[in-house]
Amino acid sequence: MDIIRIIIAILLPPLGVFMQVGFGGAFWLNILLTLLGYIPGIIHAVWVIARR
């Protein structure tokens with residue numbers, strides 16, 4: 001299941017984080033990072049998914 005989340009995180013980083021942690025602080029941080037730059041959003045999303 002983590003492989004699917006990582007693929008989703010690469011395509012839509014906030015969705016991948018939402019599937020992992022829900023509407024938490026990590027989700028809102030990921031939206032901010034994705035708006036500031038797509039690559040930081042992807043890195044953060046993959047980190048959140050791999051960490052748990």
Side-chain angles (χ1 to χ4, degrees):
M1 188 66 171
D2 283 342
I3 298 297
I4 294 171
R5 286 187 185 133
I6 289 175
I7 292 170
I8 291 172
I10 292 170
L11 299 174
L12 295 168
L15 181 60
V17 173
F18 174 74
M19 290 175 61
Q20 186 71 28
V21 298
F23 283 114
F27 173 74
W28 297 110
L29 177 61
N30 190 267
I31 287 181
L32 179 66
L33 288 172
T34 303
L35 290 175
L36 292 174
Y38 189 68
I39 300 299
I42 291 174
I43 293 170
H44 178 257
V46 170
W47 180 74
V48 167
I49 292 169
R51 183 176 58 137
R52 295 186 186 235

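Everything quoted here is computed from the prediction, not taken from an experiment.
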With under 30° as parallel and over 60° as perpendicular, where do the rings of H44 and W47 fit, or are they tilted in between? tilted

Closest heavy-atom pair, A26 versus V21, reported as atoms and distance to 0.1 Å, is CB-CG2, 4.1 Å

Distance check, rounded to the nearest 0.5 Å: L11 atom CG versus I42 atom CD1? 8.5 Å

With rounding to the nearest 0.5 angstrom, report the CD1 to CD1 distance, I10 to I43. 11.0 Å

Within one Ile-Leu-Val-Met-Phe-Trp-Tyr cluster: I7 and I49, side-chain cutoff 4.5 Å: no

Could you check whether any side-chain heavy atom of W28 comes within less than 4.5 Å of a side-chain heavy atom of L32, counting everything from C-beta outward? no

Following the transitive rule for hydrophobic clusters with a side-chain heavy-atom cut-off under 4.5 Å over Ile, Leu, Val, Met, Phe, Trp and Tyr, establish whether Y38 and F18 coincide in one cluster. no

In terms of hydrophobic clustering (I, L, V, M, F, W, Y; side-chain heavy atoms under 4.5 Å; direct or indirect links), are V46 and L33 co-clustered? no

Indicate if F23 and L35 have the same hydrophobic cluster label, given that clusters are the connected sets of ILVMFWY residues with side-chain heavy-atom separations under 4.5 angstrom. yes

Where T34 and G41 come nearest, the two heavy atoms and their spacing: OG1-CA, 3.5 Å

Are any of the side-chain heavy atoms of V48 and N30 separated by less than 4.5 Å? no

Using 0.5 Å steps for rounding, measure from the CD1 atom of I31 to the CG atom of L15. 10.5 Å

Using every non-hydrogen atom in the two residues, find where A45 and P13 come nearest and quote the distance to one decimal. CB-O, 3.7 Å

Nearest 0.5 Å, please: how far is CD in Q20 from CD1 in I8? 11.0 Å

